[in-house]
Asker: 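Quick one: structure below, then a few questions.
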Amino acid sequence: MQRFGVLQGDPIMPGESRSSMSSTAASFIPICCERVVSIQRHESPASCVFANQTKLQLSRFLAKFVAVGDEVTFPIPSRDTFGAEILITKNSTSAASRYLYHVPIGYVSQPKQDKRNRHFVAAEVHCGGLGICTVFLPCEVLRDYFYALPNADHKADHPSLYEILHIPPSASPSELRVAFKLRDLELQTAGAARSQRVALERAFNILGQPELRACYDALLADSEVPAIFPYGGFGSLLVAGEPSRDGQTFFARRILAFSPDLRRRRFHVLLRNCDFYEDRALCRDGRRKVEFWLDRAALHTFWDRTWNQWKHLLGTKIEVEGTFVQTGKYRKRHEAWELIAWETALPSRLEVKLPPDFHLQMGSAKAAFHRFGQYSRALDQIRLGLQHRAIERGELQRMCSEMRIPGDFDVAQISWRPDYDPFFYRQLSHRARRIYLFRDEYIFDVEKAVVVETPQLGHATYVFAKPRCMDSFLALYTKITKDDIRRNRNNAAERLSFLGRVIHGTNPRGWLKEVKQRVGEAIDFSAARAD
């Protein structure tokens, strides 16, 4: 149950416009309302039979809440009710909540106060067809379902999440993970019931996420503080309550079940995209579409905050595999609210692998950072020269030697920026006969072309035909801009024999394939996949 800190302070979205839009859309969807005459719970899937002998398939879990005589309302066509919208009106007058509502939800707001000063959250109905746009959930309902606070009268039957993990409330994030692993192994060895392992994982997924842990600790101190909705919503929700008079809002009195949308993923993340704190690290992918927390036990190494000083010099990628849930927040842009969504990992199902040469790369980055500081004045002089002319790598090495910079210093780092991607640089550097540095660019003299590269997402690779004289090419190139080349001002593109540019997209392999075509290199597709 993950990811909440970045959602703090989000407003409830402007319900008026969205409600009217949803109700308008719903009015075009035919709705079926039938009474149940029998239920076939033992079939797979289960189903309920209506008076007209038609059937509606249900999940076995949802079928447990339907009884003969109940009225079932759902939009047509209904794909199925495993994740779709369905309203159940109970036939029993003795039921505390006469209505049950099962619906896919999107974003859930942060806690707000109603007119009676009671805190609640609002869940968006996703693709609803019954006219209901929002589910209102009192914070005490969230507290009872997600956080399961200990009962003072029956503490033995309602242990705290810390007691489930057999760890004190002062435990660090790493200690939490170790405790979870050990306790899970104990339960497996003892052949414990599945419900115990589910409760254990649920406890760790609350306490393993910093914002949810803070919320839980606050609830332990004062059960009346507002509770937040784990995951930020995005899943299938089953609640008991009643709809509003206008039918656009469902007021929930109890959560019967919530199932988040889960996705198993495996990918690589640059370690420099992590922000290191004292006892945990926040990691993101380059496009900010994935965000998750790491502790030292997950990363299998020790760190401190000084890593933030030199992490930009690292090209190290860590392999991440885990189960991810969607989350998000609303942000105001151009006078309109826009949902910014990303994915975050469940702590209990997150695994991280380091490359074999991890510690060697770390040592190199630390050494480079030390040298940048030690020889900062000399390097600033070199960077000043790079603003006016392109300098070949060999000449840069001689300049560094004259300034008493050690010979093993990689001169390519002089122009390197924290958000540069080593992939683009490596693919071109091992094909180049000579490499020049100019401002924040790299100019590669390859066999059949000249390639100008800024190895950063959002930029493009510029390809030129092989010039007769490299010095003449550089003298001209350093006096014009990229915009001059694209627009062929003063015939700049013709004079430089510009062949085109390759945009850095989200698929580096596609970029490499197109660059090879541009520079006249035969494409080895097996090699391209292996790069």
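Atoms considered below: every heavy atom in the structure, side chains included; atoms not considered: hydrogens, waters and symmetry mates.
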Asker: Are the side chains of F250 and S244 in contact, using a 4.5 Å heavy-atom criterion?
Answerer: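 Contact flag for S244/F250 side chains = no.
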Asker: Taking atom CZ as the centre, does R194 end up with more than 12 heavy-atom neighbours from other residues, nucleotides or ligands that are less than 6.0 angstrom away?
Answerer: no
Asker: Give the C-alpha distance, both sets of side-chain angles, the deciding distance and a yes or no for salt bridge (Lys or Arg N to Asp or Glu O under 4.0 Å) between E175 and K181.
Answerer: CA-CA 10 Å; E175 290 170 338; K181 294 290 186 182; over 6 Å; no
Asker: Please determine whether side-chain contact (heavy atoms from CB on, under 4.5 Å) holds for the pair V290 and T344, giving the CA-CA distance in whole Å, both sets of side-chain angles, and the decisive distance to 0.1 Å.
Answerer: CA-CA 6 Å; V290 176; T344 188; over 6 Å; no
Asker: Is the closest side-chain heavy-atom distance between Q413 and L313 below 4.5 Å?
Answerer: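 Yes; the side chains approach each other to less than 4.5 Å.
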Asker: Regarding E140 and R118, does a basic nitrogen lie under 4.0 Å from an acidic carboxylate oxygen?
Answerer: yes
Asker: Do L212 and L207 have side-chain heavy atoms sitting under 4.5 Å apart?
Answerer: no
Asker: With heavy-atom distances below 4.5 Å as the criterion, would you say the side chains of L237 and I255 are in contact?
Answerer: yes
Asker: Excluding sequence neighbours, so at least two apart, what forms side chain to side chain donor-acceptor pair (under 3.5 Å) with H459?
Answerer: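 Side chain to side chain donor-acceptor pair (under 3.5 Å) check on H459 returns Q456.
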Asker: Is L176 close to D295 at the side-chain level, that is, under 4.5 Å between some pair of heavy atoms?
Answerer: no
Asker: I'd like to know if the side chain of K513 and the backbone of P508 have a donor-acceptor N/O pair within less than 3.5 Å.
Answerer: no
Asker: Can you tell me which residue pairs pass the salt bridge (Lys or Arg N to Asp or Glu O under 4.0 Å) test with a partner in residues 226-237, sequence neighbours excluded?
Answerer: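 Listed once each, the pairs would be none.
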Asker: Do the charged groups of E186 and R183 touch, with an N to O distance under 4.0 Å?
Answerer: yes
Asker: Counting only N and O atoms by type, is there a donor-acceptor contact under 3.5 Å from the side chain of E163 to the main-chain atoms of S160?
Answerer: yes
Asker: Search all heavy atoms of R177 against all heavy atoms of P347 and return the closest pair with its distance.
Answerer: NH1-O, 3.1 Å
Asker: Please determine whether ring pair (Phe, Tyr, Trp, His ring centres under 6.0 Å) holds for the pair F146 and Y216, giving the CA-CA distance in whole Å, both sets of side-chain angles, and the decisive distance to 0.1 Å.
Answerer: CA-CA 10 Å; F146 290 110; Y216 181 72; over 10 Å; no
Asker: So, using ring-ring contact (aromatic ring centres under 6.0 Å, His included) as the criterion, who are the partners of F251 when residues are at least two apart?
Answerer: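 If we apply the ring-ring contact (aromatic ring centres under 6.0 Å, His included) test to F251, skipping adjacent residues, the hits are F136.
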Asker: Closer than 3.5 angstrom, by distance alone: can the side chain of T134 be matched with the main-chain N or O of A122 as a donor-acceptor pair?
Answerer: no
Asker: Run the side-chain contact (heavy atoms from CB on, under 4.5 Å) test on V36 and I88 for me, step by step, so that the C-alpha distance in whole Å, both residues' side-chain angles and the decisive distance to 0.1 Å come before the verdict.
Answerer: CA-CA 10 Å; V36 178; I88 303 168; over 6 Å; no
Asker: Sequence neighbours excluded, which residues qualify as side chain to side chain donor-acceptor pair (under 3.5 Å) partners of D285?
Answerer: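 Side chain to side chain donor-acceptor pair (under 3.5 Å) list for D285, sorted by chain: empty.
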Asker: Could you give the distance from CZ (F258) to CG (L238), rounded to the nearest 0.5 Å?
Answerer: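 So the CZ of F258 and the CG of L238 are separated by 12.0 Å.
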Asker: Extract all donor-acceptor atom pairs below 3.5 Å that involve side chains of residues 274-283 and protein atoms in other chains or at least two apart in sequence.
Answerer:
unit_1	atom_1	unit_2	atom_2	d
D275	OD1	K311	NZ	2.8
D275	OD2	R284	NH1	3.0

Asker: Do other residues, nucleotides or ligands put more than 12 heavy atoms under 6.0 Å from R254 CZ?
Answerer: no
Asker: Please walk me through it: do V103 and I132 pass side-chain contact (heavy atoms from CB on, under 4.5 Å)?
Answerer: CA-CA 10 Å; V103 64; I132 298 175; over 6 Å; no
Asker: What residues, two or more places apart in sequence or in another chain, satisfy salt bridge (charged side-chain N to carboxylate O under 4.0 Å, His left out) together with E201?
Answerer: R349
Asker: Sequence neighbours excluded, which residues qualify as salt bridge (charged side-chain N to carboxylate O under 4.0 Å, His left out) partners of R417?
Answerer: D440
Asker: For residues H359 and T301, report the shortest heavy-atom separation together with the two atoms involved.
Answerer: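 Of all heavy-atom pairs spanning H359 and T301, the closest is CE1-OG1, 3.9 Å.
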Asker: Does a salt bridge link E343 with R265, judged by any charged N lying under 4.0 Å from a carboxylate O?
Answerer: yes
Asker: For residues L100 and V66, determine if any side-chain heavy atom of one lies less than 4.5 Å from a side-chain heavy atom of the other.
Answerer: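 The answer is no, as the side chains (C-beta and beyond) never meet within the 4.5 Å cut-off.
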Asker: Would you say the side-chain atoms of Y101 pair up with the backbone N or O of P243, donor to acceptor, closer than 3.5 Å?
Answerer: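 No, because the side chain of Y101 does not come within donor-acceptor range (under 3.5 Å) of the backbone of P243.
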Asker: Residues two or more places apart in sequence or in another chain: which of them pass salt bridge (charged side-chain N to carboxylate O under 4.0 Å, His left out) with R41?
Answerer: none
Asker: Tell me whether the rings of W307 and W310 are parallel (<30°), tilted (30 to 60°) or perpendicular (>60°).
Answerer: tilted
Asker: Hey, could you give me the CD/SG distance between Q113 and C139, rounded to the nearest 0.5 Å?
Answerer: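 Here the interatomic distance stands at 9.5 Å.
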Asker: Looking at side-chain heavy atoms only, is the closest gap between Y231 and D261 below 4.5 Å?
Answerer: no
Asker: Just so I know, are the side chains of I86 and L56 near enough to count as touching, which here means a heavy-atom distance under 4.5 Å?
Answerer: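 SC-SC contact between I86 and L56 confirmed.
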Asker: Does any pair with a residue in residues 129-139 pass salt bridge (Lys or Arg N to Asp or Glu O under 4.0 Å), and if so which ones, sequence neighbours excluded?
Answerer: none
Asker: Checking side-chain contact (heavy atoms from CB on, under 4.5 Å) for the pair L262/L346: CA distance, chi angles, key distance, verdict?
Answerer: CA-CA 9 Å; L262 304 177; L346 295 176; 4.2 Å; yes
Asker: If the condition is salt bridge (charged side-chain N to carboxylate O under 4.0 Å, His left out), which residues does R331 pass it with, not counting sequence neighbours?
Answerer: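 For R331 there are no salt bridge (charged side-chain N to carboxylate O under 4.0 Å, His left out) partners, ignoring immediate neighbours.
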Asker: Excluding sequence neighbours, so at least two apart, what forms ring-ring contact (aromatic ring centres under 6.0 Å, His included) with H504?
Answerer: F424, W511
Asker: What I want to find out is whether E321 reaches K353 closely enough, with some N-O distance under 4.0 Å, to be called a salt bridge.
Answerer: no
Asker: Looking at residues at least two apart in the chain, or sitting in another chain, which of them share a ring-ring contact (aromatic ring centres under 6.0 Å, His included) with F324?
Answerer: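 For F324 the ring-ring contact (aromatic ring centres under 6.0 Å, His included) partners, ignoring immediate neighbours, are F267.
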Asker: Salt bridge check, E242 against R98: does any charged N sit closer than 4.0 Å to a carboxylate O?
Answerer: no
